[in-house]
Each structure stands twice: as structure tokens, then as C-alpha cells.
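These notes are about the structure you will find just below.
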Amino acid sequence: MADRQAVLRKESAAIELCGVHKHYGKVKAVNGLDLSVSKGEVVAFLGPNGAGKTTTIDIILGLSEPSRGSASVFSMTPRRAVSLGLAAAVMQTGGLLGDYTVSETLQFMAAVYGKKSSVDAVMERAGIARLANSSVKSCSGGEQQRLRFAMALLPDPELLILDEPTQGMDVEGRREFWLSIKEDAALGKTILFATHYLEEADNYADRIVLVKKGEIVADGTPMEVKSLSSDKTVRAHVSSVDKDVLLKMEGVVSAELANNKLEVVCRDSDMVARYLLLETDAVNLEISLAGLEETFLNLTTN
Amino acid sequence: MSSTTDAALTRQLPKYGGFSLPLILLETKRLLRNKRTMISVLLMPIILSFLFTSSAKASRKVVGVGNLSAFLVVSIALYGAVQAASFGGSVISLERVAGWSRQLRTTPLSATAYIAIKTVTSLALSFMSLAAVFVVGILNHKAHMPAEIWVACAACVWIGSLVFAVFGIFMGYLVPSENAMQFIAFGLLLFSFAGGLFIPLSSFPHMIREIAYYTPLYGLDEIVHYPLLQSNFDVVWLLNAAVWFAIFFTGAVIKFKQDTKRV
């Protein structure tokens, strides 16, 4: 039964990485990474610079071969999935020729994929129709990023890989971009994106995969990931409480009482809350979760 | 779930690894837009052709089945054509720096198709350069040779430029920056002098002449003038061109393979 489930999961996987290692000489860029992304998932791929995000993305795109382990996309080699246009990518930088116009760049890609008719449609979707005849080098960073997005849309991919997709875009541009991505996600497309904007991961991803030194350190919904390492704060109004009892509880970092206001920083907020509500006269109890940013720092530093 | 599987089944790889006419046209258009390329590929050879063929003395001097002006037009056409062909391939270095080559590797375009497109666009460029030089030469009314000899010389120049299309691709992979073009222009100037394109080899000292026979434009220079001169055909010319073609081709294949393996 478990085997059958494993097979089913594998069949429906958009990305399947098994024990992937990538070493450059002595540098271990990716160090035994297992990742299975199901079809239709929107996954944020987070980690500090040098955590192995781009190397992993290169492997998923077939730009790089793992030193050890295996990678498959829609149960085929990454190179084949990419060639069939099942997977397409928006790269972080480069990948454009300044002396082509926006429309020529897309005509080139359309010819490569054998999809002549879609050029106008993708320009429209990426919001660059008015730039059709501008040379690529005259486009701003954000406009070039939209062009990369349009290029990735051309083959009508089932899997979109986005490496820092909104870099160089202004706030409005980012919002529009993510609205467009949401449309794709609603159509059941699989999306994996790396970003520096943590709130983008928090707002748009179903799942966050956090990497550090080439290994996954956290994997779950944004809520799960946030609750992972983060210390939570429990606040309440209380007339009297035995601080020593609180401090002896597992995972309690600190407990401060001043002017009947109690503030407890702890790992297991449920336990603290239960104690306060059942054993003391605490009222107005409030639990706050650390932000993704704090979690990110907690999990990826030291 | 099944939609993806269906999509995968109906999706097909492009024919010929993505090699197609629209790509060749787009690439040629882009090359023609580059001012620096146009100056060295079209303008320079046209001016040279005009200057060299304007001399009345060269026009009076009989050479083979035509005159010296015609001989010079062919020399300049070869110089322009090899320059054009080399430039067509050298843009690979710019495309690598820009990350375009890497971007293309996330598409169905095969690496071989990419090189084939570069070769064809290089030949299109060399054809334009050679046509311009010949047209100027003919319109100037100084160069004379039979019509079929004009055609024969043009064909030799064009086919010969393939050697340098491959040279350009090799340099495009070898010289990693915008300097590839300057590098090529300088190299071609040296090869042109050594190959006897501008000054007859007979006027060089013996030792330099001995070395010149081994340089990459010597064979081509002799071959492209053969229809006009109709002297004894020397197999060494063909051998020179073939060996240099083999050297450039092997070099290009080796560098190209390293490049596709690179991350």
C-alpha cells in the first residue's frame, strides 16, 4: 500500500529530486537534497545567498547535472521536459540580447518552440505589448524581467521556474506580476520560485522550502514554517503569577511581569496559554507568531 | 492530473533541433543592424574596391583572362567575405557573455542547430559583402573579365568563406568577451598580408614567403584567383584550405563541447 502511494505520488510529481549532490571541487553547493513537488503546487524556494538555490534550479532545468543523485521533471529527464516546453524558466539576470527588440526576442523564442501565433498573447499577458518595438537594451530592469516572463510563457509550460522573478520591478509591477502568476496557479500549473522578498513567499506560496548550505532545513506551509523555529510571544493581563513556574516550563525563554502585564517568550505557546488560563486569572491573552523573516534568520543563520 | 500527461504526449520536439528559416532571418537582420559590423563587412570593402579599381594603370594591365583591376576586386572580395564570415560566428562570444546561450539551453533549440544557424548567417553575411564588392567593381567599369569568370570567382570566394565562418565560431568560443571582433579583425589583417592578398608574395623575402605558404589565407587566395589566372592548379592550395578548415572545425567542436558541459 505504501509502495503504491509512493508510485502514485511519483507519477503525479512535477519535480522529483532524490539525494541530489552537486560539488564543484571541494565546494558542496547542493548536499543531498530530496524534494518532491506535486503538480499544481506553488512552492517558494528560500535560502540565503550561496545556499544552493540557483544550483538546484539549474539541475531542475537540465542546465547542470547532479554529481550524485537523480532529478526528474514530469517523470522525464529535465532536459527533455524543457525541450518539450513542459518546464520553462524566468532567469535572475542576463539571458537577453540587447540588440533585439522585445517582439523580435519573442519571435525568436516562438520560432524555437514552433509557436508563431502566441507572441502577441504573451506580450499582452506580461504587460509589455506597448514595448513591442523597443530594443531590449532600452528597457528598464523591470521591463526586461517582464520580457523574461513572456519568454517563459511562450511554450505554455506546465511548470514555471522563477529565479528572483520580481527583481528590479516596482511595487505595482510586482503586484501585477503575482496576479498573473496566480492566474497560472489557478489553471493548475506548478510554480517554483526563489525570491528575496519574504512576504512574496508568505503571500503567494502554498509551500515554503528553506535551504541552507545545500540542504533543506524546513519544508511546509508558510504557517508551518513560521511556527518551526520561531519563538512565540504570549501576552496577557494578570494580577499575580509565579514566574518560576513559567520559567521551568519547557521552551520558555523569558517571562516578564510589569504593571500586571505579562509577556512570555516561548516555543510552545499552547502550553503557556493553557497554564495561564487554567491556573491564573489571566485575561486578554494574545499569542503572536514571529514573522517569516525572523524564522528565516533563525533557521538559516548559525 | 492526466492533463499534463496528455499535454506531454501531444507535445513534440521541433524539427531539425529548432533549425529554421525564421531564426536565420531574425539573426541576419540583427547582424545587419550592428553598425560596427556593417562598417567592416560592407563599407570598408566597398571603399577598398572603389579605390583599388579606379587606377587606369591597373585597368590597362592584362592579367589572365581579365585585367589587374578584376584581380584586385577578387582579392578585396575575399578579404571582405572572410571578415564577414568570421564576424557572423564571433557574435557567439557576446551571446555567451549576455547569458543568451544559457537561456537557449532551456529551450528545445539544440546546440548543433544553433551552430548551424550561426554558420548559415555567417555565409549570408559573406555573400552580401562579396556581392557589394563585385557590384562596385563592375559598376566602376575598370575591372574586366568574362561573365562566367566573375561567377566562378564569386563562387570560389563564397564557398571559401566557409573556412572563416568556422574560424569565427571557434574564436567566439575561445575569446571570452567583446574583444572577439577586434581580435578577429587584427588576425585577418595579418593573414591577409601573409596570404598575399594585398601585396604579391613574390615581393616578400624568401624566408617570409616560406612561412606564408602555411598561413590560412594563402590557399584560398590562390584558389579564388584561379578562374581568372588559369595557371596550373596546385593541390597544395586545396590542402592548405582543407587543413585550416579542419583545425578551426576541431577547435570549435572542442570549445563548443566544453561550453555545453559548463554550468
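Keep in mind that this is a model prediction, so the values were computed, not measured. In what follows, chains are A, B, ... by sequence order, proteins preceding strands, each numbered from 1.
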d(A:I57 CD1, B:T106 OG1) to nearest 0.5 Å is 12.0 Å
Max heavy-atom pairs within cutoff under 4.5 Å with chain A, candidates B:L109, B:L26, B:N34, goes to B:L26
Fit a plane to each ring of B:W100 and A:Y100, take the angle between them on a 0 to 90° scale, and name the class: parallel (under 30°), tilted (30 to 60°) or perpendicular (over 60°).
tilted
| said: Evaluate B:T107 against A:V82 for side-chain contact (heavy atoms from CB on, under 4.5 Å), listing each step before the verdict. | reply: CA-CA 6 Å; B:T107 73; A:V82 154; 5.9 Å; no
Give the table of side-chain donor-acceptor pairs shorter than 3.5 Å for residues 154-171 of chain B, with sequence neighbours excluded, one pair per line with atom names and distance.
{"residue": "B:W158", "atom": "NE1", "partner": "B:L123", "partner atom": "O", "Å": "2.8"}
{"residue": "B:W158", "atom": "NE1", "partner": "B:S126", "partner atom": "OG", "Å": "3.4"}
{"residue": "B:S161", "atom": "OG", "partner": "B:S126", "partner atom": "OG", "Å": "2.9"}
{"residue": "B:S161", "atom": "OG", "partner": "B:W158", "partner atom": "O", "Å": "2.6"}

If you tally heavy-atom pairs under 4.5 Å between each of B:S110, B:S101, B:G17, B:G99 and chain A, the highest tally belongs to B:G99
**Message:** Heavy-atom count check: over 12 atoms from other residues, nucleotides or ligands less than 6.0 Å from B:F249 CZ?
**Reply:** no
Pair A:L63, B:Q103 - check side-chain contact (heavy atoms from CB on, under 4.5 Å), show working.
CA-CA 9 Å; A:L63 284 170; B:Q103 178 74 40; over 6 Å; no
Honestly, the part of B:K15 sitting under 4.5 Å from a heavy atom of chain A is neither
Between the CZ atom in B:R33 and the CD atom in A:E104, the distance rounded to the nearest 0.5 Å is 4.0 Å
Review point. Taking the side chain as C-beta and beyond, is there a heavy-atom pair between B:P14 and A:Y113 under 4.5 Å?
Key: no
Checklist line | Test item: A:L84 and B:P108 side chains (from C-beta on) under 4.5 Å apart, heavy atoms | finding: no
Those residues at least two apart in sequence (or on a different chain) that pass side-chain hydrogen bond (donor to acceptor under 3.5 Å, both in side chains) with B:E95 are B:R30, B:Y114, B:K118
Short side-chain to backbone donor-acceptor contact, B:R105 and A:R79, under 3.5 Å: no
>> Does atom CD (A:E65) have a neighbourhood of more than 12 heavy atoms from anything else shown, all under 6.0 Å?
In response: no
Rounded to the nearest 0.5 angstrom, the CZ-OG distance for B:R11 and A:S83 is 12.0 Å
Residue pairs passing the ring pair (Phe, Tyr, Trp, His ring centres under 6.0 Å) test with at least one member in residues 24-49 of chain B, sequence neighbours excluded, are none
Expected contact set for residues 129-157 of chain A against chain B at heavy-atom separation under 4.5 Å reads A:M151, A:P155, A:D156, A:P157
Smallest heavy-atom separation, A:L96 atom then B:A98 atom, equals O-CB, 3.6 Å
One option among A:L97, A:L159, A:V112, A:L61 has the most heavy-atom pairs under 4.5 Å with chain B, and it is A:L97
